[in-house]
Amino acid sequence: MKDRGVAPTVVTYNTIIARRAEQADTWTEALDWLAKLEASGIQPLRSSYAAALNACERAEEWELVVELTERAGPLADATMWSRNLAALTKLARHDEALATFRRLREEETVPMDEVLYTLALKACALARRPFGEARALLEEMRAAGLTPNVVTFSAAMEACGGDRDAEGAPNWEMALELLREMQEQGVRPNTVTYSTLMDLLTEAGQWQRALHLFMTLEKDGEQTGATKSVWLYTAAIRACARGRQLDTALALLREVTADPARHGAPNLCLYTAALDACEKVGNGSLALQLLDEMAREHSIVVDDVACGVVISACRKAGLVGDCLRLLAFMLNHRLAPNLGVYNTVMGALCSQPEYLDKAVEVLAFLAASQRPGNTNTSGSSKPARAPRPNAQSYSQVVDALADALRWEEALRLLQEMRKAGHRPEVLTCAKVVAACEKNQRWKE
């Protein structure tokens, strides 16, 4: 075209942008051609930006989705702004998503539809805003002649978590009221609705209600429109964990594993919920068995959360060696234990005198990893940097050393603790004093 002096049009550019956007390995070229179109002096079309947005979404480049919508300006329609709000939500910029929604509504930039309201409700939920905001959005939708659907109601139900009582429990009564409201309006709740409601009930300590709701679904499945999928079983097992009902949790897990064609394949969330039930009652042996089962029988790749839960269960069961073994497993498989996991392991090691030296080693590993020049660049399988030890990390090891009358090591770590900026508690200092006294170290 250039050789023949044929000037490209917006259709020419759009064709190239759309073709580049279709390919996973050429999505950046779609953005380059959009930039060339903008620089050419030819007015882009809405479809020009829409194709580029498709490419960015496929590549999960959410920052670029937000940027492109803003660049489109008046060409952006309700669908493009919906994608903008969804991208902001994925970036955890929930307040910004709400501010964008309000701006669109006030400026009447685009016609407000059910999708935009639903995304705003989702942002309210994730930002933990007071439920009054979500309720106002629902009323505003109705006033605008829009009908909330099951996705809208589910997002509003999730927003009930923004209202907390003095003990931090979510507004579960309002969530039940929303369920009744849905049913009265002929909106059939789905699996997401029920799993959201069950999780809210469990978090509020109403785990019996959550289990009752789950059992009701089995009886009224056709009327409710929700099938007992693996996600609902996961929510039910989480309720069992909250109520320390390990036998019921295990029975529900076996229902899924025995009939995956009906309920769905077992997944990481399902097993993690079951592991949490083991942890709540301190059944470390069963937790270890389930951890092995999920990997060996179902090829589920374990993560740091699952391993951390099992470590906590093993500590409660007094399985100190297993705590240490699981920590080594996490490090060898590039799973980065957080400080809570390290502190749990050190607490377990300190509980038995024969493992005290290992506790000192773990603490030394954490402290050493914070020193300059210790970042892992060798390409080994271990995480590059361990978390910074806190006051609990030091205190439990110092206490154990003092109880074992190992006053020199206790004093050294106490000084190291202070240098790291942590203030030891009176009880820790008293234990070190007692250790020095029993060793007749009067000066110390």
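Computed from a predicted structure; not experimentally measured.
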For this session: For side chain to side chain donor-acceptor pair (under 3.5 Å), just list the numbers for Thr152 and Asn149, CA-CA rounded to whole Å, side-chain angles, deciding distance to a tenth of an Å, and then say yes or no.
Result: CA-CA 5 Å; Thr152 309; Asn149 56 28; 2.8 Å; yes
Output yes when a side-chain donor or acceptor of [X] lies under 3.5 Å from a complementary backbone atom of [Y], and no otherwise.
X      : Y      : result
Ser369 : Leu366 : yes
Gln396 : Met346 : no
Ser312 : Gly308 : no
Lys316 : Gly284 : no
His333 : Phe329 : yes
Arg105 : Met112 : no
Arg128 : Gly161 : yes
Arg242 : Thr202 : yes

Are [X] and [Y] close enough that some pair of their side-chain heavy atoms sits under 4.5 Å apart?
X      : Y      : result
Met294 : Leu268 : yes
Leu270 : Ile300 : no
Val397 : Leu401 : yes
Trp172 : Glu203 : no
Thr89  : His94  : yes
Glu67  : Leu64  : yes
Val398 : Pro424 : no
Leu363 : Pro389 : yes

Gap separating the [atom1] atom of [X] from the [atom2] atom of [Y], nearest 0.5 angstrom:
X      : Y      : atom1 : atom2 : value
Arg262 : Lys228 : CZ    : NZ    : 7.5 Å
Leu31  : Glu61  : CG    : CD    : 8.5 Å
Met174 : Phe131 : CE    : CZ    : 5.0 Å
Leu197 : Met182 : CG    : CE    : 10.0 Å
Leu319 : Gln352 : CG    : CD    : 9.0 Å
Leu286 : Cys278 : CG    : SG    : 3.5 Å

For this session: Before accepting this row, confirm whether a basic side-chain N of the pair Lys90/Glu57 lies closer than 4.0 Å to the acidic partner's carboxylate O.
Result: no
Problem set entry | Residues Arg406 and Asp357 bridged, charged N to O under 4.0 Å | yes
For this session: Using the salt bridge (charged side-chain N to carboxylate O under 4.0 Å, His left out) rule, take Asp95 and Arg129 through it: C-alpha gap first, then chi angles, then the decisive distance, then the call.
Result: CA-CA 9 Å; Asp95 291 334; Arg129 304 298 284 269; 2.9 Å; yes
More than 12 foreign heavy atoms under 6.0 Å from [atom1] of [X]: is that the case here?
X      : atom1 : result
Arg296 : CZ    : yes
Lys358 : NZ    : no
Trp207 : CH2   : yes
Glu108 : CD    : no
Asp25  : CG    : yes
Glu425 : CD    : no

Problem set entry | Verdict with reasoning, Asp276 to Arg238, per salt bridge (charged side-chain N to carboxylate O under 4.0 Å, His left out) | CA-CA 8 Å; Asp276 190 45; Arg238 279 197 285 260; over 6 Å; no
Exercise. Yes or no on side chain to side chain contact (heavy atoms under 4.5 Å, CB included) for Tyr194 and Leu179, after CA distance, side-chain angles and deciding distance?
Worked result: CA-CA 9 Å; Tyr194 283 113; Leu179 178 63; 4.2 Å; yes
Closest contact, heavy atoms only, [X] versus [Y]:
X      : Y      : result
Arg388 : Leu339 : O-CD2, 3.4 Å
Ala236 : Leu252 : CB-CD1, 3.8 Å
Pro266 : Thr257 : CG-CG2, 3.9 Å
Leu98  : Cys124 : CD2-SG, 3.7 Å
Ser82  : Val115 : OG-CG1, 3.5 Å
Gly264 : Val256 : O-CG1, 3.6 Å

Exercise. Does the salt bridge (charged side-chain N to carboxylate O under 4.0 Å, His left out) test come out yes or no for Arg102 and Glu106, once each step is laid out?
Worked result: CA-CA 6 Å; Arg102 294 191 189 101; Glu106 291 166 5; over 6 Å; no
For this session: Could you check Thr193 against Phe153 for side chain to side chain contact (heavy atoms under 4.5 Å, CB included), going step by step and ending with a plain yes or no?
Result: CA-CA 8 Å; Thr193 312; Phe153 272 112; 5.9 Å; no
Exercise. Relative to the ring of Phe214, is the ring of Tyr233 parallel (under 30°), tilted (30 to 60°) or perpendicular (over 60°)?
Worked result: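 If you compare the ring of Tyr233 with that of Phe214, the planes turn out perpendicular.
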For this session: Please work out which of the three classes, parallel, tilted or perpendicular, describes the rings of His298 and Tyr271, given edges at 30° and 60°.
Result: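 Rings of Tyr271 and His298: tilted, as their planes differ by 30° to 60°.
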For this session: Start with the C-alpha gap between Met417 and Leu413, add the side-chain angles, then the distance that decides, and say whether side chain to side chain contact (heavy atoms under 4.5 Å, CB included) holds.
Result: CA-CA 6 Å; Met417 179 181 180; Leu413 284 181; over 6 Å; no
Problem set entry | Working for side chain to side chain donor-acceptor pair (under 3.5 Å), residues Thr196 and Asp199 | CA-CA 5 Å; Thr196 300; Asp199 283 339; over 6 Å; no
For this session: Might you work through the salt bridge (charged side-chain N to carboxylate O under 4.0 Å, His left out) test for Glu177 and Arg180, ending with a clear yes or no?
Result: CA-CA 5 Å; Glu177 180 61 32; Arg180 286 190 287 270; 3.1 Å; yes
For this session: Test Leu88 against Leu119 for side chain to side chain contact (heavy atoms under 4.5 Å, CB included), laying out the working first.
Result: CA-CA 10 Å; Leu88 287 170; Leu119 288 166; over 6 Å; no
